[in-house]
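For clarity, every value in this text was computed on a predicted model and none was experimentally measured. Just so it is clear, the values below take in all heavy atoms, side chains as well, and ignore hydrogens, waters and symmetry mates.
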Amino acid sequence: MHLMYFTEQPMSAYPQEEGEKFGYTALLFPNKFFDPVAASRLYQERLEEYLYAEEMGVDGIMLNEHHNAPFCMQAKVNIFAAILAAMTKRVKIVLLGNPLPIADNPVRLAEELAMIDLISKGRLVSGFVRGGGVESLATNANPAYNRERFVEAHDLIIKTWTQPGPFRWEGNHYHFRVVNPWVLPLQKPHPRVWIPGVVSRETIVWAAEHRYPYIILNAPLEECKKIWQLYDEAAARVGYKAGPEQRGYLIRCHVAETEEKAIENAKQFMWMQGEFTGLTHPLWAAPAGYLGEWARRPLAEYRVGRRKQTMPPFEKQLETMSIIAGTPKQVVEKLRIIIEETRPSILALWGNDGKVSHEDSMTCIRLLGQEVMPALREIGEKLDLKSPFEANTPVSLACTPPHELMATAAL
Amino acid sequence: MARTWIEEVAEVAGGKISFLQGGTGEPLLILHRDIGNPGWLPFYERLAQRFTVYVPSHPGFDKSDRPDWMRSVRDMAIVYQWFLKTLQLRELYGVGLGLGGWIAAEMATMNPYLWKRLCLVSAMGIQPTRGEIMDQFLVYTTDYIKAGFYDQTKCDELYGKEPDIDQLVRWEINREMTTRIAWKPYMFNQALPILLRGVDTPTLIVWGREDRIAPVNCGERYMQALPHAQFVVLNRCGHFVEVEKPEELAMLIVEEFGREPARS
């Protein structure tokens with residue numbers, strides 16, 4: 001298994017009552033409430049925690065990116081990736097990921113990622129995302145062309161990495177006279193691409209059709225089964241049998257020395273959920289054209305109150321294992337169920353968020369790395385859950401040898 | 001009362017354009033707003049007493065097919081030239097409402113002999129120097145539309161106090177198409193004021209004084225750009241002039257379009 005540590009990097013040091021008064025804490029929530037002194041401290045703490053996570057034995061550090069909202073301080077995922085490329089020695093740097101549609105220059109993105117791969121000596125996993133609706137609005141990227149830009153930017157980056165330049169790119173949304181960057185990734189044929197998500201069926205199918213691992217972001221277990229079915233069917237259509245090496249899962253999981261302490265800190269995940277769903281304007285989350293035609297009616301029903309989207313209370317989320325909290329022994333038993341049910345080879349543990357102190361975050365990381373993850377590896381071995389690295393899976397369908405495809409197609 | 005209008009379809013640029021047609025007399029084209037065409041309005045009926053009125057739904061709006069290739073309001077204006085050719089309409093009167101006003105203005109810059117006379121009603125298309133055009137993409141469509149009315153009862157009469165799901169879905173379809181062609185820069189073309197100087201079509205510009213969507217200053221800028229324009233601002237009226245003041249607006253248009261000669 002590939003076991004990662006994740007945090008949203010919340011900018012928790014802002015007056016929460018101001019957010020509640022304003023009604024939303026995204027996009028238009030005034031940035032006069034941003035506290036640069038606290039933010040600088042928080043960045044230092046997160047960096048220290050990432051370095052400690054490597055020391056404690058995690059396989060990967062997962063990073064992400066969001067804009068105009070205090071729930072995530074990473075306005076450019078490649079910045080922290082570059083820092084970790086230089087400051088860590090062993091961990092995979094897993095970007096989940098760069099929001100492609102908001103990039104006006106995918107070639108430059110390909111260059112940045114190549115630099116990160118070179119500096120880290122080939123430890124980059126380059127995930128790509130569509131970005132949320134707020135990302136489109138904050139960067140003024142037309143949401144109606146979000147998916148088209150995602151696909152075209154991806155194709156251009158892969159071509160930049162794999163086909164010798166110079167070449168010309170005259171696409172639908174991107175146009176380049178010369179693509180010939182003087183920096184290319186160390187990993188061949190190119191760094192691994194993983195695709196995180198939970199909302200769009202189109203993205204699940206697209207990931208499967210490219211043989212890219214799909215990382216389910218904390219969806220309920222029942223939902224996971226439907227996602228894997230969709231993924232597996234798409235994989236079979238293009239000629240390979242999907243397995244654990246294409247399956248990833250992100251789960252909120254806080255560990256402490258005592259159960260009481262762990263549960264107390266895990267309540268901070270609710271702060272995050274309030275930020276993410278409760279206090280984000282539904283319109284900004286799904287601007288016009290961002291989702292497919294299927295979304296028009298549900299969004300309208302939501303608008304008139306006929307459809308509700310409410311987060312279950314904390315206790316319910318603990319019960320359904322949407323949030324896991326406890327001592328190492330307690331969380332291992334719950335994670336065992338999740339692993340057995342969903343059979344992922346890539347597992348990201350979302351350890352700390354909200355206002356969990358730096359000290360408690362460090363304890364959580366130590367317990368995750370030294371006690372929880374070794375036990376999970378044993379479970380993974382028993383279930384034969386080999387990560388893409390262990391199974392040496394081709395990085396994509398395009399890079400899969402034809403004979404292998406024919407063999408799997410016959411299955 | 002018997003229906004005085006018909007619904008037709010024209011094949012244009014590889015897609016269907018749905019349009020309403022009613023009345024008798026010289027042809028008059030009405031180009032609707034970004035929220036779509038709400039149906040055969042009393043304002044259209046009033047004009048149909050004097051003109052043959054055509055009200056197409058823009059490509060991608062209401063029942064008209066969405067042209068996936070279309071990226072700009074200029075593309076839209078060109079498709080409308082094609083639409084007019086299909087209907088064999090050469091010189092005609094034009095009324096552009098909001099986004100439709102922007103399209104009509106672009107059409108005028110492409111073909112200065114197209115419009116006999118033109119009326120632009122709270123038209124988008126030119127960046128105001130004072131204030132900003134309200135950004136519909138940051139608010140719910142219902143809030144956007146409410147902001148466009150000075151008298152909320154007129155809004156309720158047209159759409160009901162709580163618009164139903166089907167109406168919300170229709171607005172969403174229209175908002176998607178608006179996103180596709182007018183996202184950035186939002187609701188204006190920086191070249192338009194310069195190009196309009198070459199248009200000598202007599203133009204009536206009408207605005208509601210309490211327009212919270214397109215500032216009155218947009219109308220003033222149209223006045224500055226168009227060599228033969230006159231400007232009328234209606235009191236106690238918001239953005240949706242044709243719904244709030246249908247009679248006054250129709251009278252202004254009939255009077256203006258009835259003047260001879262049509263062109264100086």
Quiz prompt | residues 64-80 of chain B: residues contacting chain A (heavy atom under 4.5 Å, by number) | solution = B:Arg66, B:Met70, B:Arg71
Practice problem: Calculate, to the nearest 0.5 Å, the distance between atoms CG and CZ belonging to B:Leu168 and A:Arg297 respectively. | Solution: 9.5 Å
Quiz prompt | Closest heavy-atom pair and its distance - B:Leu138, A:Leu283 | solution = C-CD2, 3.6 Å
Quiz prompt | Minimum heavy-atom distance between B:Glu176 and A:Gly289, given as atom pair plus value | solution = CG-N, 3.5 Å
Quiz item: What part of A:Ala295 is in contact with chain B, defined as an atom under 4.5 angstrom from a non-hydrogen atom: side chain, backbone, both or neither?
Solution: neither
Practice problem: First locate atom CD of A:Glu293, then atom CD1 of B:Ile173, and finally report the distance between them rounded to the nearest 0.5 Å. | Solution: 7.5 Å
Exercise. Only counting residues at least two apart or in another chain, list the ones meeting ring pair (Phe, Tyr, Trp, His ring centres under 6.0 Å) with B:Phe188.
Key: none
Quiz item: Would you find a donor on one side and an acceptor on the other, under 3.5 Å apart, between the side chain of B:Trp183 and the backbone of A:Pro143?
Solution: no
Self-check item: Minimal non-hydrogen separation, A:Asn142 against B:Thr179, with atom names
Solution: ND2-O, 2.9 Å
Quiz item: Hey, is NZ on A:Lys76 packed in by over 12 heavy atoms from elsewhere, all under 6.0 Å?
Solution: yes
Self-check item: Heavy-atom closest contact (B:Arg180 atom, A:Ala144 atom, distance)
Solution: CG-CB, 3.7 Å
Quiz item: Which value, rounded to the nearest 0.5 Å, describes the distance between B:Ile165 atom CD1 and A:Glu301 atom CD?
Solution: 5.0 Å
